[in-house]
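Here is the structure we will look at.
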Amino acid sequence: MERAAYRLLYDNIHDFKTTAAHVEAEIKRWNLKNESLAVVHDTGGRTHHDMWVSMKTVSHFNLGIALELMLKMILYLDNIPCEHIHSLVELHDSITEKSQAKLEIIFQESKRVFPNGFNLIAFINSATPDAERISRPEARELKTFRDFLVYFDEDVRLWEKRYSSELIGKGKWRHYIDDISVFIELIKRVMVAIPRC
């Protein structure tokens, strides 16, 4: 990889992560509540739920890109050819076992920084009467970094978040995390150990 490409990749990881964190800060600043249909003052009639979903969609998409690029950076540093894939689990499973172990340690350390953790949120946006008959998604036991990558790929579908509006009315569960701070912390800790060149 050329030096300029390496530096752009490094900067993109930082900037996608920072964008996700800024959007999350805006959600907190507005004190948005997913479960509230109340109108938010000075927003032209937008409700808490609508703003929360829209802003979470943006934060999650940016988080997904940051994680994907971070894993691709690790592949590059491990001298492993990187395929043009978006699956976080496939990328994770392609890096060396040593790098996987380091990521797991960093993930567990990041979780300790935020002892209150986070909640997994799932809901259906549907005007159809059948929405109530759609079975709830199974509860997941998420302990490891890889567990979360599977969840991000299969349920949250981070890489597709930009198409969220297309799921409305289709009776599909939409998954979010109420606080992505653990993953922002993980990316920070990983990237501080990687030289920008």
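Along the sequence shown, residues carry numbers from 1. It should be emphasised that the depicted structure is a prediction, and the values quoted were computed from it without experimental measurement. Note: hydrogens, waters and symmetry copies are ignored here, and every other heavy atom, side chains too, is used.
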Would Phe107 and Phe148 count as a ring-ring contact (aromatic ring centres under 6.0 Å, His included) here? Give the steps. CA-CA 10 Å; Phe107 176 66; Phe148 274 95; 5.6 Å; yes
As a quick check of understanding, evaluate ring-ring contact (aromatic ring centres under 6.0 Å, His included) for Phe183 and Phe145, giving each step before the final call. CA-CA 9 Å; Phe183 303 97; Phe145 182 54; 7.0 Å; no
Out of curiosity, does Ile184 fall in the hydrophobic cluster containing Ile105 (side-chain heavy atoms, cut-off under 4.5 Å, transitive links)? no
Kindly determine whether Lys56 and Asp178 satisfy salt bridge (Lys or Arg N to Asp or Glu O under 4.0 Å), including the steps that lead there. CA-CA 8 Å; Lys56 279 290 182 181; Asp178 71 339; over 6 Å; no
Okay, side chain of Glu68, backbone of Ser87: is any donor-acceptor separation there less than 3.5 Å? no
With a 4.5 Å cut-off on side-chain heavy atoms, are Ile74 and Val190 touching? yes
Group every Ile, Leu, Val, Met, Phe, Trp and Tyr by side-chain heavy-atom contacts under 4.5 Å, then state whether Tyr6 and Ile65 land in the same group. yes
Is the backbone of Val89 close enough, under 3.5 Å, to the side chain of Asp153 for a donor and an acceptor to pair up by distance? yes
Any ion pair linking Glu104 and Arg146 (charged N to carboxylate O, less than 4.0 Å)? no
Any link between Leu69 and Ile95 through a network of hydrophobic side chains (Ile, Leu, Val, Met, Phe, Trp, Tyr) touching at under 4.5 Å? yes
Distance-only donor-acceptor check, side chains Asp15 and Thr18, under 3.5 Å: no
Residues Thr57, Tyr176; criterion side chain to side chain donor-acceptor pair (under 3.5 Å); working and verdict: CA-CA 8 Å; Thr57 297; Tyr176 295 88; 2.9 Å; yes
Min side-chain heavy-atom separation Met51-Ile27 under 4.5 Å: no
Intermediate values then yes/no, side chain to side chain contact (heavy atoms under 4.5 Å, CB included), Arg7 and Asn12: CA-CA 8 Å; Arg7 289 179 67 176; Asn12 281 169; over 6 Å; no
When you compare the side chains of Asn62 and Ser59, does any donor N or O come within less than 3.5 Å of an acceptor on the partner? no
Side-chain contact, heavy-atom cut-off 4.5 Å: Glu185 with Phe114? yes
Can you give me the closest heavy-atom contact between Leu71 and Leu103, atom names plus distance? CD2-CD1, 3.8 Å
side-chain hydrogen bond (donor to acceptor under 3.5 Å, both in side chains) filter on Ser181, not counting sequence neighbours, yields Asp179
Quick one: are Met191 and Met70 in side-chain contact, heavy atoms under 4.5 Å? yes
Is any side-chain heavy atom of Ile121 less than 4.5 Å from a side-chain heavy atom of His175? no
Side-chain (Lys17) to main-chain (Leu63) donor-acceptor, under 3.5 angstrom: no
Heavy-atom pair with the smallest gap, counting every atom of Glu154 and Arg157: O-CG, 3.6 Å
Between Asp50 and Thr47, is the side chain to side chain contact (heavy atoms under 4.5 Å, CB included) condition met? List the steps. CA-CA 5 Å; Asp50 290 345; Thr47 67; 3.2 Å; yes
Looking at every non-hydrogen atom in both residues, tell me the closest pair between Tyr76 and Met1 and how far apart they are. CE1-CB, 3.4 Å
Residues Glu109, Lys111: salt bridge by 4.0 Å N-O rule: no
Honestly curious: do Phe61 and Ile85 fall in one hydrophobic cluster under the side-chain, below-4.5 Å linking rule? yes
I'd like to know if the side chain of His92 and the backbone of Leu88 have a donor-acceptor N/O pair within less than 3.5 Å. no
With a 4.5 Å cut-off on side-chain heavy atoms, are Phe16 and Ile187 touching? no
Backbone N or O of Lys143 within a donor-acceptor pair of the Asp147 side chain at under 3.5 Å? yes
Salt bridge present between Glu24 and Lys28 (N-O < 4.0 angstrom): no
Does one hydrophobic cluster hold both Leu8 and Ile13, with members joined at side-chain heavy-atom distances below 4.5 Å? no
Within a reach of under 6.0 Å around CD of Glu97, are more than 12 heavy atoms found that belong to other residues, nucleotides or ligands? no
Heavy-atom pair of closest approach, residues His49 and Asn34: ND1-O, 2.8 Å
Is there a donor-acceptor pair closer than 3.5 Å between any side-chain N or O of His48 and the backbone N or O of Leu37? no
Phe152 vs Ile177, test: side chain to side chain contact (heavy atoms under 4.5 Å, CB included). Steps then yes/no. CA-CA 10 Å; Phe152 286 158; Ile177 294 178; 3.2 Å; yes
What's the separation between atom SG in Cys197 and atom CZ in Arg3, rounded to the nearest 0.5 Å? 6.0 Å
Side-chain (Thr43) to main-chain (Val40) donor-acceptor, under 3.5 angstrom: yes
The test is side chain to side chain contact (heavy atoms under 4.5 Å, CB included); show your working for Asp155 and Val150 and say whether it passes. CA-CA 8 Å; Asp155 292 340; Val150 170; over 6 Å; no
Considering only NZ, NE, NH1 and NH2 on the basic side and carboxylate oxygens on the acidic side, decide whether Asp78 and Lys98 come within less than 4.0 Å. no
